[in-house]
Amino acid sequence: MTNAHPTESPVQASAPLGVGALAPDFTLVDQYGVDVSLSAVRDVKNAVVVFYPAAFSGICRGELREIRDGLEDFQDDDIQVFAISCDSMYTLRAWADAEGHFFPLLSDFWPHGEVARRYGILDDEDGFALRGTFLLDRSGRIVWTEVRGIGQGRDFRAYREALATLRASQRDAVG
């Protein structure tokens with residue numbers, strides 16, 4: 001699998017995590033006030049960790065609708081989606097209600113952007129997470145990633161191809 005690289009040069013705390021890195025665990029509150037942990041799916045499911053800059057913004061609205069409307073491509077019995085922004089839980093709840101998002105929208109509000117910072121994608125100057133997508137295997141290792149600047153939408157075709165490759169490699173390993 002390949003890495004995509006950002007074409008903008010935002011101000012960041014560090015470089016984004018790359019393929020082969022162990023994804024940092026997190027526990028964040030979702031839009032309903034429930035604690036959700038990445039470690040809950042480790043060794044059980046693959047995971048997709050999707051960082052986005054802000055609820056109710058144009059590109060983010062389109063991207064999260066793409067995930068919502070094509071959820072069967074992104075989440076199933078073997079893959080869990082975690083969508084994370086630096087918005088508050090209350091903002092995420094209002095957005096989930098308005099948009100019909102029923103997968104976890106996680107708040108990295110306080111300490112502000114700490115999880116995004118650990119993944120190397122916090123824009124420290126503006127306080128937003130970049131558009132980072134991290135596909136993790138069951139062991140929690142990053143097998144594919146794409147990071148884009150705040151004003152650039154994701155390449156969902158590449159994202160779907162990475163998911164298909166992961167699924168095929170796991171089928172081959174079992175079969």
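Note that the structure is predicted; figures quoted are calculated from it, not measured.
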For this session: Could you tell me which non-hydrogen atom of L122 sits nearest to which non-hydrogen atom of C86, and how far apart they are?
Result: CD1-SG, 4.1 Å
Exercise. Quick one: do V49 and V29 end up in the same hydrophobic cluster if we chain Ile, Leu, Val, Met, Phe, Trp and Tyr together by side-chain heavy atoms under 4.5 Å apart?
Worked result: no
Seminar exercise, completed: When rounded to the nearest 0.5 Å, the distance separating CG of L130 from CD of Q152 is 9.5 Å
Problem set entry | Spacing of CG belonging to D87 relative to OG belonging to S57, to within rounding of 0.5 Å | 8.0 Å
For this session: Could you please spell out the steps behind the side-chain hydrogen bond (donor to acceptor under 3.5 Å, both in side chains) verdict for D137 and N46?
Result: CA-CA 5 Å; D137 65 13; N46 301 297; over 6 Å; no
Exercise. Hey, what do you get for CZ (R141) to CG (L136), rounding to the nearest 0.5 Å?
Worked result: 11.0 Å
Exercise. Are M89 and L28 joined in one hydrophobic group, where the rule is that I, L, V, M, F, W and Y side chains link up if heavy atoms are under 4.5 Å apart?
Worked result: no
For this session: Indicate the ring-plane relationship of F26 and F82, choosing parallel, tilted or perpendicular according to the 30° and 60° boundaries.
Result: perpendicular
For this session: Looking only at non-hydrogen atoms, find the nearest pair between G127 and H112 and report the distance.
Result: O-NE2, 2.8 Å
Problem set entry | Test side chain to side chain contact (heavy atoms under 4.5 Å, CB included) applied to Y52 and F128, step by step | CA-CA 8 Å; Y52 59 97; F128 293 104; over 6 Å; no
Please list every donor-acceptor pair under 3.5 Å in which a side-chain atom of residues 99-106 meets a protein atom from a residue at least two apart or in another chain.
unit_1, atom_1, unit_2, atom_2, d
E99, OE1, R65, NE, 2.6
E99, OE1, R65, NH2, 3.2
E99, OE2, R61, NE, 3.0
E99, OE2, R65, NH2, 3.1

For this session: Determine, using the 4.5 Å side-chain heavy-atom cutoff (strictly less than), whether I84 and F109 are members of one ILVMFWY cluster.
Result: no
Exercise. So, D108 and R117, do they make that salt bridge, N to O below 4.0 Å?
Worked result: no
Exercise. Out of curiosity, D30 CG to S107 OG, how far, rounded to the nearest 0.5 Å?
Worked result: 10.0 Å
For this session: Might you point out which heavy atoms bring A23 and I142 nearest each other, and give the distance in Å?
Result: CB-CG1, 4.3 Å
For this session: Look at E146 together with R154 and state whether they make a salt bridge at an N to O cut-off of under 4.0 Å.
Result: no
For this session: Would you mind reporting whether T91 and S85 have side-chain heavy atoms less than 4.5 Å apart?
Result: no
Problem set entry | Trace of the salt bridge (charged side-chain N to carboxylate O under 4.0 Å, His left out) decision for D25 with R42 | CA-CA 9 Å; D25 190 21; R42 191 155 288 161; 5.4 Å; no
Problem set entry | L38-I121 co-clustered via ILVMFWY side chain contacts under 4.5 Å | yes
Problem set entry | Atom pair CD (Q31) and CH2 (W95), whose distance is rounded to the nearest 0.5 Å | 10.5 Å
Problem set entry | Check against side chain to side chain contact (heavy atoms under 4.5 Å, CB included), L163 and V48 | CA-CA 9 Å; L163 285 164; V48 179; 3.9 Å; yes
Exercise. F51 and V147: side chain to side chain contact (heavy atoms under 4.5 Å, CB included), yes or no, with the steps?
Worked result: CA-CA 9 Å; F51 290 92; V147 178; over 6 Å; no
For this session: Begin with the C-alpha distance, continue with both residues' side-chain angles, and end with the deciding distance and a verdict on side chain to side chain contact (heavy atoms under 4.5 Å, CB included) for L135 and T145.
Result: CA-CA 6 Å; L135 178 56; T145 183; over 6 Å; no
Exercise. Which pair of non-hydrogen atoms, one from A55 and one from L92, has the smallest distance, and what is that distance?
Worked result: CB-CD2, 4.3 Å
Problem set entry | Note, W144 side chain near T133 side chain (heavy atom, < 4.5 Å) | yes
Problem set entry | Residue pair A129 / A116: nearest heavy atoms and the distance that separates them | CB-CB, 3.9 Å
Exercise. Are E63 and R131 close enough that some pair of their side-chain heavy atoms sits under 4.5 Å apart?
Worked result: yes
Exercise. Take atom CZ in F56; do more than 12 heavy atoms of anything else shown fall under 6.0 Å from it?
Worked result: yes
